[in-house]
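Below is one structure, written out as structure tokens; comments come after it.
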Amino acid sequence: MSSFNTVKGTHDILPENSDKWQNLEKIIHHCVSLFGYKEIRTPIIEKTDLFSRGIGENTDVISKEMYSWVDKDETALSLRPEMTASIVRSYIQHSLGYQSSLQRLYYIGPCFRRERPQKGRQRQFHQFGVEAIGSNHPEQDAEVVSLGWEILQRAGLKNLELKLSSVGSGECRNKYIDALISYLKPHKSKLSEISKQRLINNPLRILDTKIKAEIEIINSGPTIDQFYTNDDRKHFNDVQSYLKSMNIPFILDPLLVRGLDYYTHTTFEITSDDIGAQNALLGGGRYNKLIQSLGGKDTPAIGFAAGMERILLAIPDSKKIKKINNIIHIVCIEPNALGSAQILSKELRTLDLNIVLETMRRSMKAQMREANKCNADYVIIIGEEEHNQKTAQVKRLNDGTQKTIAQNKIFNHFKSLTY
Ligand code: HAM
């Protein structure tokens, strides 16, 4: 074995798994286009400042998890830990808001966070997500949430829970943070070291604790909904009634904490019971102040991102491989027939059939073994006799039925099966 292996927390996606990835990607591309979203691709590298200003210096993502370095020209650069800040950078840089007052964007790609690897948590992972930039209306929130829900349904996921909250406007959030600090201070001696630290740096993160004693303290404390303004409450109620009218089930979770600082108003997460501790498949929310804080015009926006590795872990086995077209192996054991086998392959591919033609000149037995291993539907066998008679044996593998067919009739034979 080579002494080079993948770096800790990163994984190769091997050919045996790439079908599943492509299948999920197809569902994503298809579903977002049904909602009118257009793809945007941004670089993996950005200036470090973009993330620290966008996501918040005191978040775990920025303070502990970024892959950052100072480049040869002294610019501080980072691998993106998420994509919302990059999309906003691109939106501002290319004046996308002038091209259309509402931009519906989506993306797929790798992100990097230096977290402790475990099941469902990698250092390089893949996200897909959407950002709808321009509308402040609750129907936009409902559209984004329902799009996330729809993709996970189409991917075949079960046992999902949609948690919904609102962190209100900035004003409401600040009042809540003050109230939370005042409430928690007298309990400080009972808090863990990390929560004591968070009380100073990022009090909302304490709500995310998994420690039972702390959960009990928090459960008796203030909740954000007590601080909503009338507008905050109306917006959130409207989002909920739209979701109800679409029959999308959700639970309200006033303690839902998103790990990034840019959120305002609606926040949400979809979790799965099927994948262990790292159960958040998809998370997002409104970020009405982010665009302005990164140098753009004051523009409302909402989006989500989902972890593709986690979704693939949660897809039930029966849904995992969705074979779309028939696979045919051409088992050619007569070297003089290789030319006609190539022509036949080219013709059959025009029917969108997956054709695998032997290029190793292996024995009939080895080629048949390979066809079975690849889950082929048919084999077309051309030996010496078939070559001389310009025929082939066409064998269906699931029931073993076999027919001799003239080579010039094979195309029509498969055409009639396909259409
Ligand atoms: P996030 O909650 O940090 O949100 O990440 C979204 C999803 O990415 C998570 O729910 C999870 O499935 C996946 N994920 C995060 N970290 C890892 C990891 N280390 N390994 C595997 N999967 C991971 C965001 O990134 C926001 N940008 C979402 C957003 C878009 N908000 C508004 N627009």
Side-chain angles (χ1 to χ4, degrees), residues 8-11 13 24 28 32 37 40 42 46 50-51 54-56 59-62 64-67 79-91 103-133 140-141 143-145 147-148 151-152 155 157 160-163 165 167 205 208 256-272 274-291 294 300-315:
K8 187 172 174 189
T10 70
H11 296 276
I13 298 168
L24 178 58
I28 295 164
V32 291
Y37 284 67
I40 178 162
T42 58
E46 299 274 2
L50 171 70
F51 299 118
I55 297 171
T59 57
D60 286 352
V61 172
I62 299 304
K64 298 190 211 151
E65 297 167 2
M66 278 227 287
Y67 285 94
L79 298 181
R80 63 183 181 203
E82 59 108 55
M83 289 194 245
T84 308
S86 307
I87 305 306
V88 168
R89 195 257 320 124
S90 179
Y91 174 90
Q103 286 284 352
R104 291 187 166 98
L105 307 169
Y106 82 97
Y107 47 83
I108 303 185
C111 294
F112 305 83
R113 295 185 192 176
R114 201 179 188 293
E115 296 189 78
R116 197 167 44 77
Q118 64 180 87
K119 185 180 169 201
R121 188 159 74 189
Q122 302 82 234
R123 290 181 172 178
Q124 176 174 341
F125 58 100
H126 296 77
Q127 277 191 347
F128 75 85
V130 308
E131 311 295 347
I133 307 181
Q140 185 63 67
D141 306 38
E143 175 188 284
V144 166
V145 176
L147 170 51
I151 292 176
L152 299 186
L157 299 202
L160 297 180
E161 191 164 76
L162 166 61
K163 292 184 190 137
S165 183
V167 290
R205 291 291 291 167
D208 225 7
L256 175 68
V257 191
R258 303 279 305 123
L260 316 164
D261 275 356
Y262 47 62
Y263 292 108
T264 59
H265 303 278
T266 313
T267 54
F268 58 99
E269 228 167 63
I270 301 179
T271 56
S272 159
D274 297 337
I275 56 168
Q278 297 305 314
N279 65 354
L281 298 176
L282 180 154
R286 261 200 180 278
Y287 48 94
N288 285 353
K289 296 287 159 223
L290 181 62
I291 294 157
L294 291 177
I302 178 165
F304 70 73
M308 295 177 65
E309 284 81 358
R310 290 187 193 175
I311 292 176
L312 289 169
L313 274 176
I315 293 180

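Each ligand, and each atom within it, is numbered from 1 in the order the structure gives. Numbers here simply count residues along the sequence, with the first being 1.
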### Query
Any side-chain heavy atom of Leu281 sitting closer than 4.5 Å to one from Ile275?
yes
#### Entry: Residue pair Leu256 / Lys163: nearest heavy atoms and the distance that separates them
CD2-O, 3.9 Å
### Task
Heavy atoms only: give me the nearest Val61-Pro81 pair and the separation to one decimal.
CG1-CB, 3.5 Å
### Task
Write down, by chain and number, every protein residue that brings a non-hydrogen atom to less than 4.0 Å from an atom of ligand 1.
Glu82, Thr84, Tyr107, Arg113, Glu115, Gly120, Arg121, Gln122, Phe125, Gln127, Glu131, Arg258, Leu260, Tyr262, Tyr263, Ala280, Leu281, Leu282, Gly283, Gly284, Gly285, Tyr287, Gly303, Phe304, Ala305, Gly307, Arg310
### Short side-chain donor-acceptor distance under 3.5 Å, Glu143 and Tyr37
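Side-chain D/A pair, Tyr37 to Glu143: present.
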### Query
Just checking, is any N or O donor in the side chain of Thr84 or Tyr262 under 3.5 Å from an acceptor N or O on the other one?
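The criterion, which ignores hydrogens and geometry beyond distance, is satisfied for Tyr262 and Thr84.
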#### Entry: From CA spacing to verdict: side chain to side chain contact (heavy atoms under 4.5 Å, CB included), Thr10, Phe112
CA-CA 9 Å; Thr10 70; Phe112 305 83; over 6 Å; no
